[in-house]
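Letters A, B, ... mirror the listed sequences (proteins, then strands); counts begin at 1.
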2 protein chains.
Amino acid sequence: MNLAEKVYRQLKEDIFDFRMLPGDRFSESEVAERMQASRTPVREALYRLERDGYVQVYFRNGWQVRPFDFRYFEELYDVRIVLECEVVRRLCMESDRAERLAGLVTIWCCKPSQRQVDPVDVAFLDEEFHFGLLECGQNKQMEAIHKDVCERLRIVRRLDFYEPGRIQATYEEHSSILDAILSADSSRATRELTRHIELSRNTVRDITVHRIQEARQRYSTDLSRK
Amino acid sequence: MNLAEKVYRQLKEDIFDFRMLPGDRFSESEVAERMQASRTPVREALYRLERDGYVQVYFRNGWQVRPFDFRYFEELYDVRIVLECEVVRRLCMESDRAERLAGLVTIWCCKPSQRQVDPVDVAFLDEEFHFGLLECGQNKQMEAIHKDVCERLRIVRRLDFYEPGRIQATYEEHSSILDAILSADSSRATRELTRHIELSRNTVRDITVHRIQEARQRYSTDLSRK
DNA sequence: GAATTCATACTTGTATACAAGATACATAGC
DNA sequence: GCTATGTATCTTGTATACAAGTATGAATTC
């Protein structure tokens with residue numbers, strides 16, 4: 001793996017885990033030193049992150065972790081709804097939808113005793129569910145765009161499943177979406193899917209503010225040192 | 001403007017105007033020499049173009065202009081349909097849609113004598129029409145993704161209006177889409193819009209192959225020299 | 001004390017030098 | 001003639017040096 005690639009992933013993790021907080025300013029050499037690399041691969045990584053929407057550059061005047069903006073996240077959630085609903089509508093018209101969804105059905109339409117309970121696992125599985133839907137769409141570009149949108153949302157979305165009750169609710173919502181698709185009930189499927197995504201979005205919005213405040217206190221030593 | 005930015009735009013133009021043909025291999029130093037720049041800004045430009053889907057890098061083994069792939073373009077056209085139809089559906093439910101569409105109406109619902117006839121102008125106007133729709137969606141992220149998709153399609157889409165009859169057809173299709181939205185006839189509007197985009201896509205597919213062959217002959221001197 | 005100017009330190013932007021790896025081709029061995 | 005191996009060349013990956021611009025703060029002037 002490239003050094004640039006390593007730096008890219010590390011920076012992303014730092015941002016995701018709130019070690020670098022929204023609004024923080026930093027310089028290329030600072031990152032280079034921390035990552036034990038020269039500025040060249042760091043710059044490459046930073047420009048990728050900029051295109052991903054995580055950081056922004058100020059001309060000859062440093063970088064900044066993109067400040068949080070809930071309008072931004074909500075708009076991305078909206079895009080997710082549009083893309084996923086489109087795929088679901090198509091699926092409802094396909095005769096082999098049962099086979100295509102078989103994998104998802106075994107995971108989500110199981111007995112309560114067989115359900116995953118760890119928030120991290122469920123966050124991963126939830127992502128797989130929505131990616132799985134897009135895979136059924138037979139449109140690689142739409143899939144790529146959807147993946148990109150989900151990636152941008154990951155920073156807030158992972159917090160969803162720490163909220164009490166959201167894991168159980170997710171199981172029920174997913175299985176009823178799958179049920180609707182299998183019944184070829186397009187309007188019910190899209191309605192349930194939209195509701196599911198909106199619920200997740202609303203939960204996340206409420207949590208995120210607190211998480212950032214927590215992180216800001218946790219790393220306050222680092223900041224004051226500087 | 002950055003040197004990297006200049007190189008980025010120039011390379012894009014070279015690819016769009018078929019001076020660099022799909023499938024062509026090239027190296028960073030080659031480009032740097034042609035653009036009178038060092039490899040650093042060239043690399044930055046190339047990595048941006050890679051993310052845009054125009055070129056690809058082979059590890060320590062040079063670059064390539066992305067070979068044409070109609071499946072790729074058709075999938076992107078599909079994404080356009082999904083996004084634009086979504087916005088149109090929303091517009092049909094807004095009470096102030098007449099004011100929002102006023103600009104587009106004066107351009108497209110005019111007398112035949114007032115219509116633009118130059119293919120380049122019409123290509124520009126057509127793009128503005130579809131961007132204009134997305135602007136009405138009040139979702140900046142969706143708008144940005146749509147712009148991105150259109151940008152990727154520009155390389156083939158600009159050929160559309162050189163086909164006899166497509167300019168006139170575009171005027172009629174656009175005005176009937178606008179008419180349907182103003183009548184709040186959501187299903188007719190999306191049907192017309194889908195048909196319009198599909199027609200454009202089909203025209204383009206037929207033309208593009210010939211254009212590349214033409215360009216390949218036109219620049220054959222350059223290639224054989226090398 | 002307030003405003004202005006100038007110097008300094010710090011930032012990114014760009015060029016260049018070198019390292020590491022891939023490819024192609026010639027050459028040796030069979 | 002065929003295969004294997006080694007070398008030369010070319011490629012990108014990375015580090016570093018320098019150029020150009022920005023912000024900050026101290027010194028100066030009023």
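In the set dA17(D), dT11(C), dT16(C), the nucleotide with an atom closest to the side chain of Arg39(A) is dA17(D). The side chain of Pro41(A) sits closest to dT14(D) out of dT14(C), dT14(D), dT11(D).
In this entry the distance linking CH2 of Trp63(A) with P of dT11(C) reads 14 Å, nearest Å. In this structure, Glu28(B) places its CD atom 6 Å from C1' of dT12(D), rounding to the nearest Å. A straight line from CD of Gln36(A) to P of dG13(D) spans 22 Å, rounded to a whole angstrom. Rounded to an integer number of Å, the gap from Tyr58(B) OH to dC10(D) P is 21 Å. Summarising the geometry, the separation between CE on Met1(B) and C1' on dA20(D) is reported as 17 Å, rounded to the nearest angstrom. In this structure, CZ of Arg60(A) is placed 17 Å from P of dC10(C), rounded to the nearest angstrom. Taking atom CZ of Phe26(A) as the reference point, atom C1' of dC10(C) lies 16 Å away to the nearest angstrom. Rounded to whole Å, atom C1' of dT11(D) lies 11 Å from atom OH of Tyr47(B).
Residue order along DNA chain D, read from the 5' end via each residue's closest nucleotide, puts Glu44(A) first among Glu44(A) and Phe59(A).
Dashed line: the shortest gap from a side-chain N or O of Asn61(B) to OP1 or OP2 of dT23(C) is under 4.0 Å. Residue Thr40(B) places no side-chain N or O under 4.0 Å from the OP1 or OP2 atom of dT14(C). The phosphate of dT16(D) has neither OP1 nor OP2 within less than 4.0 Å of any side-chain N or O from Ser38(A).
A salt bridge links Glu173(B) with Arg166(B): the distance from a Lys NZ or Arg NE/NH1/NH2 to an Asp or Glu carboxylate oxygen falls below 4.0 Å.
Residues Met35(B) and Pro41(B) are not in side-chain contact: their nearest non-hydrogen atoms beyond the backbone lie 4.5 Å or more apart.
Ring pair Trp108(A)/Tyr171(A) is tilted by interplanar angle, where 30° to 60° counts as tilted.
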Please determine whether side chain to side chain donor-acceptor pair (under 3.5 Å) holds for the pair Asp126(B) and Thr170(B), giving the CA-CA distance in whole Å, both sets of side-chain angles, and the decisive distance to 0.1 Å. CA-CA 8 Å; Asp126(B) 177 66; Thr170(B) 298; 5.2 Å; no
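Checking Asp14(B) against Gln10(B) by side-chain atom types alone, a donor-acceptor pair falls below 3.5 Å.
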